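Read through the structure below, which is laid out as structure tokens, and then see the notes.
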Amino acid sequence: LAPRAGTMASSKEDNGTSPTTGAGPGANKVDPFFMASMTFAHGVERDCDCDECGLEPLPPSIAEAVRKHKRAKLMSVVEITHQERQLIGRDGGLSIWRLKLPVGSEPLVEYGNSHRIVLVQHMSKGVEVKSIGTGIVGSAAEEKARTSVGWNDGGGYVIPSNGGKAVGWVCTTKDDKDELSDGNVSVDSVDIVVIKATHEALVDDDGDESAKSWTKAIKKIFNEELPTNDNDGESTVPSSVETKELARTCIAALQQHIEELAESN
């Protein structure tokens, strides 16, 4: 049985087509009133691509605010960089590493079983180094707990072992707007040298003829500068893990040994 004409026309009207009959030029023509009711048809005429803004253009002030927000969001997407670590030398329980800490880079996490001496090779005035906090690295709680280590360009610092807890540093820009207002202040990576020594390496007898000269010199500095915690005459992990600043004479001696070791490699 053929469908009734009224039913066919109603179907065409529901699909946005004109209720024309026959196969003439007007057959299946899209109804302009139907298209006008569709909000997506007017997206190019508006400053916003959502459906909640209606068919009228946004006010200029709101449109400008939307554009600024989109630009700021795009500019805030910063490529995550990684810290670089290079071995300079190793002898027994002593090792010397060169580290580069780019601004905003993810920390290289180690564990504090060793005592450390940090020599700051390069550090611009516009940045500061912070120690990682407690908890899962990268979590909101850990990042909030990060504290400044107080390093300066050319400085040297003794960091006692913390008993095996996580150790790591991040480089950030300073919050001091007055200092950053100087146009000559640069913001770039921090370069440091980290000397690590295990407890066993520092208590071993230096009478071994095979021990290298730089090994003996560095062990002597460690033993002189590390705080002590006597326990029945036995040397243990120091009770204080606060950083101690090295004298310039110690820094110069260490730098000389590191340069000689780097040249020999």
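Computed from a predicted structure; not experimentally measured.
Going from atom NZ of Lys125 over to atom CD of Glu128 covers 15.5 Å, rounded to the nearest 0.5 Å. Atom CD1 of Ile251 sits about 14.0 Å away from atom CD of Gln256, to the nearest 0.5 Å. Interatomic distance, CG of Asp91 versus CD1 of Ile218, reported as 9.5 Å (0.5 Å rounding). Atom NZ of Lys244 is separated from atom CD1 of Ile117 by 10.0 Å, given to the nearest 0.5 angstrom. The distance from the OG atom of Ser189 to the NE2 atom of His122 is 7.5 Å, given to the nearest 0.5 Å. Taken from CG in Asn113 to NZ in Lys196, the straight-line distance is 9.5 Å, to the nearest 0.5 Å.
Leu254 is listed as a side-chain neighbour of Leu246, based on a closest heavy-atom distance under 4.5 Å. A heavy-atom distance below 4.5 Å is found between the side chains of Leu94 and Lys219. Residues Val193 and Ile258 form a side-chain contact, since some pair of their non-hydrogen atoms from C-beta on lies under 4.5 Å apart. A 4.5 Å side-chain heavy-atom check between Val129 and Met123 finds at least one atom pair inside the cut-off. Within the 4.5 Å cutoff, the side chain of Val127 has heavy atoms near those of the Val190 side chain. In this structure, the side chains of Ile96 and Leu87 stay at 4.5 Å or more apart for every pair of heavy atoms. Here the side chains of Pro102 and Gln83 are in contact, with some heavy-atom distance below 4.5 Å. Taking 4.5 Å as the limit, some side-chain heavy atom of Thr173 sits within range of a side-chain heavy atom of Val103.
Salt-bridge formation is not detected for the pair Lys130/Glu143: no Lys NZ or Arg NE/NH1/NH2 atom is positioned less than 4.0 Å from an Asp or Glu carboxylate oxygen.
Lys212 approaches Arg90 most closely through the heavy-atom pair NZ-O, 4.2 Å. For Val109 against Ala166, the heavy-atom pair with the smallest separation is CG1-CB, 3.9 Å. For the pair Ala197 and Leu202, the tightest heavy-atom approach, listed with the atom from each and the gap, is CB-CD2, 3.9 Å. In terms of heavy-atom proximity, Leu261 sits nearest to Trp214 at CD1-NE1, 3.7 Å. Residues Cys250 and Glu225 approach most closely at SG-OE2, 3.7 Å, considering heavy atoms. Across every non-hydrogen atom of Gly93 and Ala201, the tightest pair is CA-CB, 3.7 Å.
Two different hydrophobic clusters hold Leu101 and Val137 under the rule that ILVMFWY side chains link at heavy-atom gaps under 4.5 Å. No path of Ile, Leu, Val, Met, Phe, Trp and Tyr side chains, each step under 4.5 Å between heavy atoms, connects Val170 with Leu99, placing them in separate hydrophobic clusters.
Trp151 and Tyr157 have parallel rings, their planes meeting at less than 30° on a 0 to 90° scale where 60° marks the start of perpendicular.
For the side chain to side chain donor-acceptor pair (under 3.5 Å) condition, the pairs that include at least one residue of residues 92-101, sequence neighbours left out, are Ser95-Trp97, Lys100-Asp191.
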Decide yes or no on side-chain contact (heavy atoms from CB on, under 4.5 Å) for Ile195 and Phe222, but give the supporting numbers first. CA-CA 10 Å; Ile195 307 171; Phe222 265 113; 3.9 Å; yes
Kindly indicate, with the supporting measurements, whether the criterion side-chain contact (heavy atoms from CB on, under 4.5 Å) is fulfilled by Arg85 and Glu110. CA-CA 12 Å; Arg85 179 174 56 187; Glu110 301 177 335; 2.6 Å; yes
Let me see the working for Val118 and Ile159 under side-chain contact (heavy atoms from CB on, under 4.5 Å), right down to the final yes or no. CA-CA 8 Å; Val118 174; Ile159 306 174; 3.8 Å; yes
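Under the side chain to side chain contact (heavy atoms under 4.5 Å, CB included) test applied with Trp169, the options Ile192, Leu108, Ile132 reduce to a single match, Ile192.
Counting only distance, with no hydrogens or angles, the side chain of Arg116 and the backbone of Ser114 share a donor-acceptor pair below 3.5 Å. His115 places no side-chain N or O within 3.5 Å of a backbone atom of Pro160 that could act as its donor or acceptor partner. Using modelled atom types, one side-chain atom of Glu142 and one backbone atom of Gly133 make a donor-acceptor pair closer than 3.5 Å.
Under the side chain to side chain contact (heavy atoms under 4.5 Å, CB included) criterion, Ile136 pairs with Ser139, sequence neighbours left out.
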